[in-house]
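Heads up: the structure comes next, in structure tokens.
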Protein chains: 2
Amino acid sequence: MSDDEQRGGGAGSAHRAGGLLGDLQAADERPVAPRRRADAERNRAQILAAAERLFAEQDPRSVTMDRIAKAAGVGRATLYRSFADPSSVAVALLDEHERRLQGQLVHGPPPLGPGAPPDERLAAFYLAMLDLLERHLPLALGAETGPARFRTGAYGFWRVHVRTLLVDHGVEDPDPLTDIALSPLSPELFQFQRRELGLSVERVGRSLTSFARQLLRSGNAV
Amino acid sequence: MSDDEQRGGGAGSAHRAGGLLGDLQAADERPVAPRRRADAERNRAQILAAAERLFAEQDPRSVTMDRIAKAAGVGRATLYRSFADPSSVAVALLDEHERRLQGQLVHGPPPLGPGAPPDERLAAFYLAMLDLLERHLPLALGAETGPARFRTGAYGFWRVHVRTLLVDHGVEDPDPLTDIALSPLSPELFQFQRRELGLSVERVGRSLTSFARQLLRSGNAV
DNA sequence: GAATAAGTGGACACCTTGTCCACTTGGCGT
DNA sequence: ACGCCAAGTGGACAAGGTGTCCACTTATTC
């Protein structure tokens, strides 16, 4: 991603929708795209850096376009040229961090990558996501407003991955179950468990691990 | 609830926090409370009626205090006297609908009420919640902004219920698993499954049913 | 080193938010 | 009955956010 918003300009959102695995380390220069100007590139970097700071410092929901622009030292139009709203900025930022995990799921060693049985892969995926959430919770929360996280390309990726695991395991009707299996990873929920309930990451992780095993019990399709 | 916000006035939120089962058909007149005036009661009813209409008509997220006030034909201060923000209004509205289910979970016949094995009760609970979501999705979505649904009294109720089922089943560490078991009921997720994926309520329901059985397999603590 | 189109910044008009205060009105005591 | 007075009311207010627009600046191309 990180290329998708570059012409977001006006109103609509420009999230990656379909092509997943294709552009993991995708081409940077398509023959068609006119390429960004140097100052635009610089501004984009400033925006992302400033936004990451803002999301971490204050309530991620209260980060506004206005403040991102001011913090980055650019005008509002410049910011709107790249991103439609604050959550788009958070999505772009999160995406950078999620890429690594996405690569590992597809090409990495087991149990995260291919090779291990589905229940172990699911458990490993849960733990990796928990780690991601723990490290980048403000961004994950900031990315959750508006059309919600289900519309992001990243969610589509996780969906494809989990659905594959379910199919590998021989689940009867994988589609509804895919999102059910992903629902415990909601950033809002994670924040609630950590902050309000005071649960440790490890404790949540252990629960998710046995949850994964229970869900994909070997030799027992749901 | 429907008593909790009556003096919400200023800033904080006045959600029911702890005492669950206690006030199911609770006292309406405490000896202490000075009781509401007739015009206030009338206005409150107008507000709720207007709000229910607004939430159903437009994007639940775009319902503002200003518009609720105008639609109800009352001033802004009047509205703020009862509710802190639009999602509080949605919560109050939802609460009325949720009361019935809450009563059934505690006093009703099995499998919803006591008497059936935990996995059947969980499955029945899922189906009942799905029905609730299907019928009042706009309200559920409208109630989800801000401090999110985890803070509402209703969520606390579902938590207690599900946790009890998990404990009855002999689950090892019920606390983290409670919220995990509740996470598939997120209104946002439900909307995504219905509208974007085009899944029928029945299909989601079947998945949740087998999910419940898988989670609470008889004779097999997680 | 000019041409040109992408990129920029700030101003604009509009909307929402909470709060405040002068006023109205319902309910209680006599 | 009736008048008191606090609960209840409505609209005004300032602060601040949103998207868009347009005249200007500047990197790249020829």
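FYI, side chains are in, hydrogens and waters are out, and symmetry mates aren't considered; it's all heavy atoms of this structure. Here is how names work: the chains are called A, B, and so on, in the same order as the sequence lines, proteins then strands, and each is numbered from 1.
In the helix from C:dG1-D:dC30 to C:dT30-D:dA1, the end axes, each obtained as the rotation axis mapping the C1' atoms of four pairs onto the next four within a five-pair block, lie 10° apart to the nearest 10 degrees.
Relative to the side chain of B:V74, the nucleotides D:dG10, D:dG17, C:dG9 differ in distance, and D:dG10 lies closest. Listed candidates were C:dT17, D:dG17, C:dG26. Nearest to the side chain of A:R67 is D:dG17. Of the candidates D:dG17, D:dG19, C:dT17, the closest approach to any side-chain atom of A:Y80 belongs to D:dG19. Relative to the side chain of A:T78, the nucleotides C:dG10, D:dT9, C:dT8 differ in distance, and C:dT8 lies closest.
A donor-acceptor pair is defined here as one N or O able to donate and one able to accept, closer than 3.5 Å; no such pair exists between the side chain of B:Q104 and the backbone of B:G113. Distance alone, capped at 3.5 Å, is enough to place a donor-acceptor pair between the B:R121 side chain and the B:L112 backbone.
As rounded to whole Å, 16 Å separates atom P of C:dG10 from atom CE of A:M65. Rounded to an integer number of Å, the gap from A:F83 CZ to D:dG17 C1' is 19 Å. Straight-line distance from the CG atom of B:L79 to the C1' atom of C:dT17: 12 Å, rounded to whole Å. The interatomic distance linking B:D66 (CG) with C:dC14 (P) rounds to 16 Å, in whole Å.
Side chains of B:D175 and B:T178: no donor on one and acceptor on the other come within 3.5 Å.
Taking for each of A:A77 and B:V63 the nucleotide of DNA chain C with the nearest heavy atom, the 5'-most of the two is the partner of A:A77. Both B:R76 and B:N43 lie near DNA chain D, and the one whose nearest nucleotide falls closer to the 5' end is B:N43.
A salt bridge is absent between A:R206 and B:D173: the closest approach of a Lys/Arg side-chain nitrogen to an acidic carboxylate oxygen does not fall below 4.0 angstrom.
Residue A:T64 places no side-chain N or O under 4.0 Å from the OP1 or OP2 atom of D:dG16. Taking side-chain N and O atoms only, B:R81 has no distance below 4.0 Å to OP1 or OP2 of D:dA7.
In this structure, the ring of A:F211 has its center less than 6.0 angstrom from the ring center of B:F211.
Contact annotation: the side chain of A:F190 never approaches that of B:D179 to less than 4.5 Å [non-hydrogen atoms, C-beta and beyond]. A heavy-atom distance below 4.5 Å is found between the side chains of A:T64 and A:R67.
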